[in-house]
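Keep in mind that the numbers below use all heavy atoms, side chains included, and drop hydrogens, waters and symmetry copies.
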2 protein chains.
Amino acid sequence: MTPPTRKKPERRTSPLSREQIVEAAVDLLDTAGEGGLTFRALSERLATGPGAIYWHVAGKTELLAAATDHAVTVALATGSAGTAETAGTAGSAGMAGMAETAGTAGTAGRIHDVGLGLFDAIERHPWLAPQLTAQLSHHPASPVTTRLFEAIGRQVYALDVPPSSWFTATSALMHYILGAAGQNAANLVRARDLGPEADRGAYLGTVAEAWKQLSPEGYPFTRALADQGLAHDDRAQFVAGIDLIVAGITARPPAS
Amino acid sequence: MTPPTRKKPERRTSPLSREQIVEAAVDLLDTAGEGGLTFRALSERLATGPGAIYWHVAGKTELLAAATDHAVTVALATGSAGTAETAGTAGSAGMAGMAETAGTAGTAGRIHDVGLGLFDAIERHPWLAPQLTAQLSHHPASPVTTRLFEAIGRQVYALDVPPSSWFTATSALMHYILGAAGQNAANLVRARDLGPEADRGAYLGTVAEAWKQLSPEGYPFTRALADQGLAHDDRAQFVAGIDLIVAGITARPPAS
DNA sequence: ACCTGAACACCGTTCAAGT
DNA sequence: ACCTGAACACCGTTCAAGT
């Protein structure tokens with residue numbers, strides 16, 4: 001724009017910041033998938049050289065951790081505050097509000113909020129679930145991990161069960177939330193690259209079809225499930241799983 | 001050994017087989033971790049060139065899938081058959097046999113078997129849990145994925161709950177099993193490279209210590225948990241989580 | 001203090017050439 | 001039919017050199 005056309009792709013004038021880098025990384029991850037985050041691609045998008053990024057970030061591991069932290073922070077914030085907004089965006093959820101099923105009434109609702117906050121975040125950022133479990137594995141005491149655990153644990157605390165079951169309950173909820181939300185996000189991605197007009201339903205139809213071809217002797221259960229027509233992992237299914245676990249948490253332990 | 005010493009590291013005489021490759025891959029994964037599986041390292045271990053592997057395996061993705069399939073097959077087989085042996089190896093589990101808590105008596109025990117079969121397999125192969133969830137995400141109808149789902153689903157079927165809850169129940173169990181077992185395996189790895197004399201307990205002490213440093217306002221739950229002294233994810237903890245979910249599955253849905 | 005960009009080591013994958 | 005190994009494209013990371 002200023003002088004004639006230049007050869008080099010225009011370097012940036014304002015200085016880089018760590019925040020800009022992390023946001024660009026999240027963007028790249030969302031757009032191009034896990035494999036798309038590259039120091040070269042990222043530096044191009046930021047109009048710098050690869051080396052510049054290393055001034056603000058130690059390496060790829062740290063960059064990934066920062067991106068994960070960023071996305072989770074947003075999710076946890078809107079998860080407790082902007083519930084109405086989040087639920088409004090729900091789309092074809094339908095029965096997503098079948099709450100108030102177990103425990104102290106309002107508490108179950110708040111568990112749904114935390115869960116759905118993460119569900120939505122993972123849907124927006126399909127790379128988030130694998131990344132979070134990796135974070136959980138490699139740095140169990142990292143800030144993100146701890147924040148996630150605390151957010152879920154508080155809801156367990158509110159269920160008013162004996163402290164001895166806190167850890168088990170929180171673990172069960174956390175692993176389910178991460179796993180089921182991750183599965184849902186992955187299904188969406190697979191549906192998307194099945195074609196622009198195909199939705200999650202079309203993709204799940206594919207899976208059901210494959211299941212119906214299984215041998216009746218080897219796979220009686222899976223076949224029966226396919227026959228019953230699975231409309232699986234959308235929000236209602238997800239919430240049903242949370243409720244199931246909450247029911248298990250609040251169930252009196254059987255008299256021995 | 002035969003003529004004098006040769007320069008090139010001795011090529012193999014017998015022909016390669018896909019099975020050999022997969023087994024060597026599992027071995028390399030176990031020994032060197034996820035990052036250690038390399039076509040060059042693998043081909044060296046097999047006394048060939050990198051290109052040779054491509055004759056039997058399409059690429060790294062397929063190789064990883066095959067390794068995962070192999071490990072899961074072994075786990076699921078010994079999970080139903082060699083229960084006694086598996087449980088015997090339990091080590092310091094202590095109360096791992098507190099079974100028979102919910103549902104039809106024997107059924108809970110069989111769920112424990114399947115769960116612990118996977119738990120042990122993931123402990124032996126720490127790369128297995130991430131790999132399985134990846135497989136679940138990218139190829140939900142793949143053989144491994146389906147076999148895993150069927151194995152867990154059958155136990156759900158045996159619980160004799162309405163078919164409408166089959167999917168939710170199986171999902172909850174599967175995600176918990178994969179998540180909790182993966183967490184346990186990761187803890188073991190972290191403990192291992194904390195030093196040769198450090199065990200899981202020592203490592204978890206580290207985590208608890210970090211948790212105690214958290215701010216009381218921001219992290220009341222996590223702190224309370226740390227104070228109560230966590231002896232977490234060993235087999236008993238793992239089984240407790242399964243029982244919690246089973247309790248949720250068999251709990252009568254609350255009268256609406 | 002912050003950025004540049006060539007260079008290094010290493011990766012998955014391909015493929016002409018061998019047997 | 002099966003294997004060899006050099007070559008290609010691409011990656012994360014480093015670092016002397018610039019401003």
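Put simply, the side chain of N184(A) reaches to within 4.5 Å of the side chain of R200(A), judged on heavy atoms.
As rounded to whole Å, 11 Å separates atom P of dA6(D) from atom CZ of R40(B). The separation between Y54(B) atom OH and dA16(C) atom C1' is 17 Å, rounded to whole Å. The distance between atom CD1 of I53(A) and atom P of dC11(D), rounded to the nearest whole Å, is 13 Å. Atoms CG (L42(A)) and C1' (dC10(D)) sit 16 Å apart, rounded to a whole Å. Taking atom CZ of F39(B) as the reference point, atom C1' of dT14(C) lies 12 Å away to the nearest angstrom. E44(A) has its CD atom 14 Å from the C1' atom of dG5(C), to the nearest Å. If you take CG of L16(B) and P of dT4(D), they are 8 Å apart, rounded to a whole angstrom. Atom-to-atom, CD of E34(A) to C1' of dG12(D) comes out at 17 Å; the value is rounded to the nearest Å.
Between Y176(A) and F238(A), the distance from one ring center to the other falls under 6.0 angstrom.
Consecutive Watson-Crick or G-U pairing (both distances under 3.5 Å) extending over three or more pairs maps onto DNA chain D as C:4-8 with D:12-16, C:12-16 with D:4-8.
We find that E62(B) and R18(B) are joined by a salt bridge, their nearest charged nitrogen and carboxylate oxygen being less than 4.0 Å apart. Between E150(A) and R154(A) a salt bridge is recorded (basic side-chain N to carboxylate O distance below 4.0 Å).
Nearest-nucleotide positions on DNA chain D for L37(A) and A52(A) put L37(A) closer to the 5' end.
Within residues 20-27 of chain A, no residue has any heavy atom closer than 4.0 Å to DNA chain D.
Here H56(A) does not reach the OP1 or OP2 of dA1(C): none of its side-chain N or O atoms lies under 4.0 Å away. Listed pair W55(A) / dC2(C) meets the phosphate criterion, a side-chain N or O lying under 4.0 Å from OP1 or OP2. An OP1 or OP2 oxygen of dC11(C) is reached within less than 4.0 angstrom by a side-chain nitrogen or oxygen of T38(B).
With dC3(C), dT4(C), dC3(D) as the candidates, the nucleotide lying closest to the side chain of T48(A) is dT4(C). When distances run from any side-chain atom of P15(B) to the nucleotides dC3(C), dT13(C), dC3(D), the shortest one goes to dC3(D).
Here the straight-line distance linking atom NE2 of H125(A) with atom CG of L29(A) works out to 9.5 Å at 0.5 Å rounding. We find the CG-CD1 distance between L132(B) and I177(B) to be 11.5 Å, quoted to the nearest 0.5 Å.
For E23(B), the CD atom counts as densely surrounded, since its 6.0 Å shell holds more than 12 non-hydrogen atoms of other residues, nucleotides or ligands.
In this structure, A25(B) and L63(B) approach most closely via the heavy-atom pair CB-CD1, 3.9 Å.
Residues that satisfy the ring-ring contact (aromatic ring centres under 6.0 Å, His included) test with H70(A), not counting sequence neighbours, are absent from this structure.
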